[in-house]
2 protein chains.
Amino acid sequence: MQLDNRKKEVLHAIVDDYVSTNEPVGSKSLIERHNFSVSSATLRNDMAELEHLGLIEKPHTSAGRIPSDKGYREYVNSLMTIEELSPREKLEIEKRIDSSVDEVTDLIKNATYTLSETTGFVSLAMSPRLKKSYLKQLKILMIEPGKALVVMVLSAGVVKDKVVRIPNFLSDEQIMKISGAVEKNLTGKPLDEITLVTVETAGKGAEVPEPLLKQVLYEAYAAIKQADELNIYLEGEHRMLSLPDFSSLGRARDLLGTLSDSGMVAGYVNEMENAAREQGNDDSFMIRIGQEITLEGLDDCSFITATYNLTDSVSGNIGVIGPKRMLYSKVISQIDFVKKKLNREIQKFT
Amino acid sequence: MQLDNRKKEVLHAIVDDYVSTNEPVGSKSLIERHNFSVSSATLRNDMAELEHLGLIEKPHTSAGRIPSDKGYREYVNSLMTIEELSPREKLEIEKRIDSSVDEVTDLIKNATYTLSETTGFVSLAMSPRLKKSYLKQLKILMIEPGKALVVMVLSAGVVKDKVVRIPNFLSDEQIMKISGAVEKNLTGKPLDEITLVTVETAGKGAEVPEPLLKQVLYEAYAAIKQADELNIYLEGEHRMLSLPDFSSLGRARDLLGTLSDSGMVAGYVNEMENAAREQGNDDSFMIRIGQEITLEGLDDCSFITATYNLTDSVSGNIGVIGPKRMLYSKVISQIDFVKKKLNREIQKFT
DNA sequence: TGTTGGCACTCGATGGCATAGAGTGCTAAT
DNA sequence: ATTAGCACTCTATGCCATCGAGTGCCAACA
């Protein structure tokens, strides 16, 4: 992309103006609002050039230009400068992310909510990916005949549990035996190395009749696998309805329809994460703009996520989904600050 | 309300027509669509009367009539007849409410989702109100220094837990002692009789230094109280955007904005429930129409809930929020059927 | 007294039309 | 390479006439 300096400035100005006014921007208003030392005719030439390069486009012949996805991309990649938040804004976020909760999960939800409030967009967080974490503790608790609770504590301090069904006539003692055996052999094991076979061998020590034992172990295994599932927290979907970008009912409907399938969104974030990792792209932010997003109904959105760290090897994503016509630098700073705050607060749990 | 038979029929017809067409209905089209044995002029007189009574109204002078809130109310109270669902529809619901889940909570979520899908509206369920249930089991589990898990099993088979912070230097044994003492003295107690004092006396037996004991007991108490909190599941908010009734962005925004505050909705449902109980109104359905609903942005909605039973004394609500222009009889049957199915499935857990 | 046909009137919706205004591309001059 | 100027394009806006569904009321009728 060989853009001379002025063309860069022009693109920069167009993005800025369009983001703040939501109107296609023309050569004249560009001159008015910015201190270009050239005439509008010159800008027109530049703009024609930029359009030729696919960076801007016009809704119709006699309208101003708006940035294309590619234009936003160029802006994000090499034009914008990120500014820090004001102390006031920082304070606001600090205040909202309340550290008095008892569980990491609540803290993450809290941060997600805050992010949605401060940006005014949809925010989301992924529960930590646990593959790389190991089992710190596992207990099977008898609840009542036929029902037990599998409680797992993972290395990152995350507690998960699941009610499972067990054979009716298993006694409390028998369950405790199984629990003890499994715990002894499984603690310290990385989650992704735990398979049905591992669990079954781990349980061998318990003196419990074979078929019963097997069933309990299977349930325990299923509980562990479930704990490993991805979880996503989405917040503030309704805020999108206040944006002029989604004043068309159809667009809004498609967007919220897609977002309502949180599993789908979670899958997409995961894909993004994997793609970024494969490319060795260890930029702290992942940004997808408009058509780059393969989810239906998000053509007019941008997707920005950052990675928060629970431990060195366990991390999750937090970010926002907003209109692609957004103040990128601002939103990125906001996400960044929330992420940092979250990281700091998480320390207290590990 | 003294309405002669024909006026009743007219109101009935107006509601039906308006619900199905979403257009104000005039005297002429009323004649066309229904077999009235009188002329349109007569109906006009009747309609003027109905309007005088406040049962119908016109958007503007030269338009047809639409039912007022009061009109819908009359319709719901004494005009409509509830028809059973077709076997096909029943089957569809039966199929969707999957009973293979392990926890009551999942079953309820499942039913909520199904209800939203079949009605096409927002559906909601309240977690069971637990006041009248008792503590079946309570265990405190050491997770790691400074952290414990309080696991509670309630009479209805509901399992709740909460991670709590405890003094760092408490040992596993000490926690087990406390757990044992509390459990021994608290099991069987109705939830609403459990206070901080009760918990503290219950823990007396444990041989653990006083201040430490007190802190743990306080946390346990807090966990129990939290288990008692109301929980609401809302589903399908985005579906409202597909309804012509909310084709105005403003309305849709207000509605979804309010619904996004699920705590507020939960509070409202609870109020409704209490109000109904005070009036000795043991109708199985609670219906609020339009302005009767005090939540902001729900003026164009109706709120219909039914009560499902977990045990004889523990119950919750399940229902829908839809446009007040809805097929009441149909929706009521749908809720009713889902409720019954839910009740049946719940049996398997208790 | 309740019912009916007739009629004038109301009011939103629709579509045509002219106008204004913002913006463009192109050309010729600097 | 830049600029002034100009013809052209297209949307948005407002106005106006028309259409049609629906109403209210009155006088006549069973």
Side-chain angles (χ1 to χ4, degrees), chain A residues 2-11 13-18 20-68 71 244-245 247-248, chain B residues 2-11 13-18 20-68 71 244-245 247-248:
Chain A
Q2 66 296 43
L3 287 178
D4 62 49
N5 275 339
R6 199 186 54 224
K7 292 212 183 66
K8 281 184 186 169
E9 274 171 46
V10 172
L11 178 55
I14 290 176
V15 172
D16 282 352
D17 281 14
Y18 182 62
S20 62
T21 64
N22 194 23
E23 310 257 289
V25 6
S27 53
K28 211 170 165 186
S29 56
L30 213 45
I31 293 273
E32 275 169 23
R33 246 191 301 255
H34 304 268
N35 297 326
F36 284 105
S37 52
V38 293
S39 78
S40 68
T42 310
L43 291 193
R44 278 205 289 285
N45 292 331
D46 287 352
M47 286 160 84
E49 183 76 10
L50 288 171
E51 183 173 2
H52 198 72
L53 291 170
L55 295 167
I56 57 181
E57 51 200 20
K58 34 185 179 190
H60 49 260
T61 328
S62 74
R65 308 301 217 290
I66 63 175
S68 67
D245 310 71
S247 59
S248 134
Chain B
Q2 65 298 37
L3 286 179
D4 63 47
N5 275 339
R6 200 186 53 221
K7 292 212 184 66
K8 281 183 186 170
E9 273 172 46
V10 172
L11 178 55
I14 290 177
V15 172
D16 282 351
D17 281 14
Y18 182 62
S20 62
T21 64
N22 194 24
E23 310 258 287
V25 5
S27 54
K28 211 171 166 187
S29 55
L30 214 45
I31 293 274
E32 275 169 24
R33 246 191 301 255
H34 303 267
N35 296 326
F36 284 106
S37 50
V38 293
S39 77
S40 67
T42 310
L43 291 193
R44 279 205 289 285
N45 290 333
D46 287 351
M47 286 160 85
E49 183 77 8
L50 288 172
E51 182 172 2
H52 198 72
L53 291 170
L55 294 168
I56 56 180
E57 50 200 23
K58 37 185 178 190
H60 47 261
T61 328
S62 74
R65 309 300 219 289
I66 63 176
S68 67
D245 310 71
S247 58
S248 134

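To find a chain, count down the sequence lines: A is the first, B the second, and so on, and within it residues start at 1.
The main-chain N or O of A:Gly54 is found under 3.5 Å from a side-chain atom of A:Ser68 such that the two form a donor-acceptor pair.
With rounding to whole Å, B:Arg6 atom CZ is found 12 Å from C:dT1 atom C1'. Rounding to whole angstrom units, OH of residue A:Tyr18 and P of C:dG23 are separated by 14 Å. Distance CG (A:Leu30) to P (D:dT3): 14 Å, rounded to an integer number of Å. Per the geometry, CE belonging to A:Met47 stands 15 Å off P belonging to C:dA22, to the nearest Å. A:Leu43 has its CG atom 17 Å from the C1' atom of C:dC26, to the nearest Å. When rounded to the nearest whole Å, the span between CD1 of B:Ile31 and C1' of D:dT23 equals 15 Å. Between B:Phe36 atom CZ and C:dT4 atom P the separation is 12 Å, expressed in whole Å. The nearest whole Å value for the distance from the CG atom in B:Leu50 to the C1' atom in D:dG22 is 16 Å.
The side chain of B:Lys58 places an N or O atom within less than 4.0 Å of a non-bridging phosphate oxygen (OP1 or OP2) of D:dG24. Regarding contacts with the backbone of D:dT23, a side-chain N or O of B:Arg65 is found under 4.0 angstrom from either OP1 or OP2. Between B:Thr61 and the phosphate of D:dG24, there is no side-chain N or O to OP1/OP2 separation shorter than 4.0 Å.
Judged by distance alone with a 3.5 Å cut-off, a donor-acceptor contact links the side chain of B:Arg44 to the base of C:dG6. At a cut-off of 3.5 angstrom, the base of C:dT10 holds at least one donor-acceptor pair with the side chain of B:Ser62. For C:dT3, the base has no donor-acceptor partner in the side chain of B:Thr42 [N/O atoms by modelled type, under 3.5 angstrom].
In this structure, the side chains of B:Val25 and B:Asp16 stay at 4.5 Å or more apart for every pair of heavy atoms. With contacts defined as side-chain heavy-atom distances shorter than 4.5 Å, the pair A:Glu49/A:Val10 does not qualify.
Counting any heavy atom pair closer than 4.0 Å across all strands shown, B:Ser27 reaches sugar-phosphate atoms only and no base atom.
In this structure, B:Arg65 pairs ionically with B:Glu51, as a charged nitrogen and a carboxylate oxygen lie closer than 4.0 Å.
Atom CG of B:Asn35 has 12 or fewer neighbouring heavy atoms from other residues, nucleotides or ligands inside a 6.0 Å radius.
Remark on DNA chain C: of its neighbouring residues A:Ala41 and A:Ala63, the 5'-side contact belongs to A:Ala63, judged by nearest-heavy-atom nucleotide. Nearest-nucleotide assignment on DNA chain C puts the 5′-proximal partner with B:Asn45, out of A:Asn45 and B:Asn45.
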